Amino acid sequence: MAETRADTNKEPDTGAVTTHSARGNLHCITIIGTIEGHQEAPESTKTTKYEHVLPQLAAIEESDDIDGLLILLNTAGGDVEAGLAIAELIAGMHKPTLSLVLGGGHSIGIPLAVAAKRTLIAPSASMMLHPVRISGTVIGAPQTYEYFRQIQARITRFIVANSSVEEHELSRRMMATDELAADVGTVLGAQEAVDLGLCDAIGTLHDALAWLHDAADKRKAERAEKQKNDEKGE
């Protein structure tokens with residue numbers, strides 16, 4: 001029975017790791033599969049659980065031993081509010097943050113990608129833009145459509161505020177009817193995502209790590225200079 005209790009209380013495997021090098025310490029988290037919210041996904045579905053990611057982000061921001069955050073992202077989307085919750089925390093961090101889109105950064109994965117201070121996309125990756133979709137029973141009432149509109153507006157505002165995409169172009173691509181079978185939206189290749197302003201550049205893991213270390217070095221220098229000036233002021 002003791003072994004069973006130990007297994008039950010074991011820390012969940014979140015796929016996170018902290019790397020240590022001569023240049024500093026970087027923490028890496030993965031956002032993959034379906035973003036799981038208040039409802040649990042089927043056991044056969046690969047998920048990212050927001051209740052695992054949120055405390056990690058708080059700990060990373062507070063830790064003196066971590067200089068920057070690398071987010072490896074490959075997701076088809078998922079729960080909108082859970083995705084936005086993760087994205088808001090990432091966007092509010094002061095430490096250098098970089099997201100690298102691998103495979104796909106679709107649906108709510110787009111706010112998650114642009115939330116970082118820099119967003120790279122792998123040459124073979126893609127991003128899918130589409131309006132909010134809800135499965136299951138929907139009450140066909142004006143209030144329902146207004147709720148959809150409000151959710152869509154929240155997503156659009158966040159993406160525009162955290163990237164260089166133009167709002168009218170973002171909305172146009174989301175509502176395109178000639179690219180996806182039996183659906184509306186747009187699939188963007190890596191270069192298209194950069195041209196549109198959702199990603200800063202096409203890049204690799206090496207590019208991501210180099211930028212994070214440079215940004216961390218710059219932040220350290222700025223903080224040292226501020227401390228020096230504060231001491232002079234005293």
Side-chain angles (χ1 to χ4, degrees), residues 11-17 27-61 69-93 97-122 125-138 147-163 165 170 173-174 180 183-188 190 193 198-199 208:
E11 288 278 336
D13 183 5
T14 58
V17 64
H27 193 82
C28 171
I29 65 172
T30 55
I31 297 178
I32 58 174
T34 299
I35 309 302
E36 188 180 84
H38 301 303
Q39 301 296 323
E40 287 191 356
E43 289 186 8
S44 59
T45 302
K46 183 81 70 176
T47 63
T48 293
K49 299 178 183 292
Y50 82 113
E51 69 269 26
H52 293 171
V53 177
L54 297 183
Q56 280 190 73
L57 296 175
I60 293 163
E61 177 72 353
L69 171 64
L70 171 64
I71 303 143
L72 300 180
L73 192 146
N74 187 357
T75 177
D79 187 282
V80 170
E81 292 193 347
L84 282 178
I86 298 171
E88 286 284 8
L89 278 195
I90 294 171
M93 296 177 72
T97 56
L98 182 145
S99 63
L100 176 58
V101 180
L102 301 163
H106 308 316
S107 192
I108 199 63
I110 292 179
L112 287 164
V114 304
K117 291 179 172 57
R118 185 165 178 81
T119 304
L120 300 183
I121 183 168
S126 65
M127 304 180 91
M128 183 188 296
L129 287 163
H130 63 73
V132 172
R133 299 181 295 197
I134 296 180
S135 60
T137 303
V138 177
Y147 176 63
F148 280 14
R149 188 195 66 78
Q150 290 178 5
I151 294 176
Q152 188 63 59
R154 287 163 58 195
I155 295 170
T156 299
R157 283 197 301 267
F158 185 90
I159 294 173
V160 170
N162 290 278
S163 69
V165 66
L170 178 66
R173 296 296 187 101
M174 281 185 172
L180 301 178
D183 202 354
V184 295
T186 301
V187 177
L188 303 170
L198 291 174
C199 299

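Since the model is a prediction, treat every value here as computed from it, not as a measurement.
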Check your understanding: How many angstroms lie between OG1 in Thr34 and NZ in Lys46, if you round to the nearest 0.5 Å?
Key -> 11.0 Å
Study note, to complete from the structure: The residue among Asp79, Ile108, Ile31 that forms side-chain contact (heavy atoms from CB on, under 4.5 Å) with Ile86 is Ile31
Check your understanding: Rounded to the nearest 0.5 Å, how far does NZ of Lys49 lie from CG of Leu54?
Key -> 13.5 Å
Point to revise | Close side-chain approach of Ile71 to Leu98, heavy-atom, < 4.5 Å | key: no
Exercise for review: Measure across Tyr50 and Glu36 and return the closest heavy-atom pair with its distance rounded to 0.1 Å.
Suggested key: CD2-O, 3.4 Å
Check your understanding: What are the two closest non-hydrogen atoms of Gly104 and Val101, and how far apart are they?
Key -> C-CG1, 3.9 Å
Review point. Could you state the interatomic distance from CD (Glu61) to CD1 (Ile90), rounded to the nearest 0.5 Å?
Key: 11.5 Å
Point to revise | Residue list, salt bridge (charged side-chain N to carboxylate O under 4.0 Å, His left out) with Glu81, at least two apart or on another chain | key: Arg154
Review point. With side chains defined as the heavy atoms from C-beta onward, is the minimum distance between Met174 and Val184 less than 4.5 Å?
Key: no
Check your understanding: Got Arg173 and His130 here, is their nearest side-chain heavy-atom distance under 4.5 Å?
Key -> no
Exercise for review: Taking all non-hydrogen atoms of both residues into account, name the closest pair between Ala16 and Ile29 and its distance.
Suggested key: CB-CG2, 4.1 Å
Exercise for review: Could you tell me the separation between the OG atom of Ser126 and the CG atom of Leu102, rounded to the nearest 0.5 Å?
Suggested key: 11.5 Å
Check your understanding: Which atom names give the shortest non-hydrogen contact between Ser99 and Ala113, and what distance separates them?
Key -> OG-O, 2.5 Å
Point to revise | Min side-chain heavy-atom separation Pro111-Ile155 under 4.5 Å | key: yes
Check your understanding: Are Ser163 and Thr119 close enough that some pair of their side-chain heavy atoms sits under 4.5 Å apart?
Key -> no
**Study point:** Heavy-atom side-chain proximity of Ile32 to Leu72 below 4.5 angstrom
**Key:** no
Practice item. Check step by step if side-chain contact (heavy atoms from CB on, under 4.5 Å) holds for Asn74 and Thr30. Key: CA-CA 8 Å; Asn74 187 357; Thr30 55; over 6 Å; no
Exercise for review: Check whether any side-chain heavy atom of Thr48 sits under 4.5 Å from a side-chain heavy atom of Thr75, and report yes or no.
Suggested key: no
Check your understanding: Under the salt bridge (charged side-chain N to carboxylate O under 4.0 Å, His left out) test, which residues partner Lys117, sequence neighbours left out?
Key -> none
Check your understanding: Could you give the distance from CG (Leu129) to CD1 (Ile110), rounded to the nearest 0.5 Å?
Key -> 3.5 Å
Review point. Does Met128 offer a backbone N or O that forms a donor-acceptor pair with the side chain of His106 under 3.5 Å?
Key: yes
Study note, to complete from the structure: Rounded to the nearest 0.5 angstrom, the OG1-CG distance for Thr97 and Leu89 is 11.5 Å
Review point. Do Arg118 and Leu120 come close enough that some side-chain heavy atom pair is under 4.5 Å?
Key: yes
Review point. When you look at Leu73 and Leu100, which way does the side-chain contact (heavy atoms from CB on, under 4.5 Å) test go after all the steps?
Key: CA-CA 6 Å; Leu73 192 146; Leu100 176 58; over 6 Å; no
Point to revise | Heavy-atom pair of closest approach, residues Ala76 and Ser107 | key: O-CB, 3.8 Å
Check your understanding: Which atom names give the shortest non-hydrogen contact between Leu70 and Ala208, and what distance separates them?
Key -> CD1-CB, 4.0 Å
